[in-house]
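Bear in mind that the values here come from a model prediction, so they are computed numbers and not experimental data. What's counted below: heavy atoms across the whole structure, side chains too, no hydrogens, waters or symmetry copies. All ligand and atom numbering here is 1-based and tracks the order in the structure.
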Amino acid sequence: MPREVLVIHGGAGRFRPSILEERAAIEEALRSALYDGMSALSSGNALDAVEAAVKSMEGSGVFNAGKGASLNLLGEQELDASVMFGRDLSFGAVASLKYTWNAVSLARKVMERTDHVFLVGYGADKLAEALGFERIPPPSPRLLERYRELLEKVRSLGYDLWRRNFEIVRLFLPDTVGAVALDRDGNLAAATSTGGLWLKLPGRVGDTPLPGAGVYAENGVVAVSATGIGELIARYLAAARVAFKVKSGVSVEQAVRDVVHEVTRLFSEENTIGLIALDAAGNIGIHSNCEVFLRGYTFKGGEPRVALLGSEEPH
Ligand code: ASP
């Protein structure tokens, strides 16, 4: 019987001093997500586990997803999320949600309750409303303050807000959330959820809801969730590349290292990608080129472990 394993991330990117001030809250939110995901894994399957873990992080307000989602250039929240079940490659995604915080569960509804795989904007929010999803609360004072600070900083640096968005995103940490799980029946699942990049152009969608980019799961092979600069991750199809490597016999640890290395070399830049992955035997691959990589894992009968800095061992 395969061992039950759950791996999560809460985003990756550049170091910022506030991460150390917020350490206790971040670690607690990661541990709660591991707890919620593991409870779902014990009573259900891998899909239930990734949904529960991601929902927990969306609801915490601590990460750039769900209630804590970043604000776009106009100061609005626009959420993207996806979920994939390796048993039959079923997939669901939503993007540019404006009124619904629990994006991952809505992505699962798209997968299970509609004939489609991807709903965006108005249609996705309408589905959420019809299914009785809670509306997203107004952005917290902390988010509004960060929005104002960033806008000022960007203006003082003289960036063109509409055309140099890619430079703007390098100024701060993204904090997207994701999870991968393996259940006792050998099913693999993955989910990813984000508010996207701070000050993104309205309507911008990154890698998070794209299969093979920010998420992928296939039984017998691997489950992957990515975080980082979506424009690069999507162009490189990072999650799919991990899967191809594992399929061709590369270990999951090596596959995530290779893909992070390739992305770094191709785009000549660090602090651009973090990957978590899990193979069919429950081996874990976690790697990033980032100073900060919020992450954690647990397995049946084991202690949950979490880490914040890229250089730090999960504890
Ligand atoms: N990958 C996400 C995006 O580009 C951001 C993140 O990972 O934090 O939308």
Need the ligand 1 atom indices (1-based, order shown) with element for anything under 4.0 Å from a heavy-atom of [X].
X: Asp175; result: 8 (O)
X: Gly228; result: 1 (N), 2 (C), 3 (C), 4 (O), 5 (C), 6 (C), 7 (O)
X: Asp207; result: 1 (N), 2 (C), 3 (C), 4 (O)
X: Gly196; result: 9 (O)
X: Thr227; result: 6 (C), 7 (O), 8 (O)
X: Thr208; result: 1 (N), 2 (C)

Both conditions, 6.0 Å and 45 degrees, for the charged tip of Arg3 above the ring of Phe299: are they met here?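 Yes - Arg3 lies over the ring of Phe299, closer than 6.0 Å to its centre and within 45° of its axis.
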Can you confirm whether Lys109 sits close enough to Leu131 that some side-chain heavy atom of one is under 4.5 Å from a side-chain heavy atom of the other?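 SC-SC contact between Lys109 and Leu131 confirmed.
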I'd like to check Trp198 versus Tyr147 (side-chain heavy atoms, cut-off strictly below 4.5 Å). Are they in contact?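 Of all side-chain heavy-atom pairs linking Tyr147 with Trp198, at least one is under 4.5 Å.
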Is the closest heavy atom of [X] to ligand 1 under 4.0 Å?
X: Lys200; result: no
X: Gly214; result: no
X: Asn64; result: no

Best match, His9, Glu78, Arg204: closest heavy atom to atom 4 (O) of ligand 1: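 Selected option, by shortest heavy-atom distance: Arg204.
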For ligand 1, find out whether one of its N or O atoms is nearer than 3.5 Å to an N or O atom of Thr176.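 Yes, at least one N or O pair falls under 3.5 Å.
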Under 3.5 Å between some N or O of ligand 1 and some N or O of Gly230?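 Yes, Gly230 has an N/O under 3.5 Å of an N/O on ligand 1.
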Return yes if a side-chain donor-acceptor contact under 3.5 Å exists between Glu129 and Tyr99, otherwise no.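 There is no such pair (donor and acceptor under 3.5 Å, judged by atom type) between the side chains of Glu129 and Tyr99.
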Answer with yes or no whether the hydrophobic clustering places Ile8 together with Ile19; edges join I, L, V, M, F, W, Y residues whose side-chain heavy atoms lie under 4.5 Å apart.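 They do share one cluster, since a chain of ILVMFWY contacts under 4.5 Å joins Ile8 to Ile19.
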Tell me, with the steps shown, if Glu149 and Lys153 meet side chain to side chain contact (heavy atoms under 4.5 Å, CB included). CA-CA 6 Å; Glu149 272 172 18; Lys153 181 158 186 183; over 6 Å; no
Step by step, work out the salt bridge (charged side-chain N to carboxylate O under 4.0 Å, His left out) result for Glu21 and Arg16. CA-CA 10 Å; Glu21 289 152 29; Arg16 60 161 191 256; over 6 Å; no
Look at the aromatic rings of His9 and Phe293 and report parallel, tilted or perpendicular, splitting at 30° and 60°.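 Tilted.
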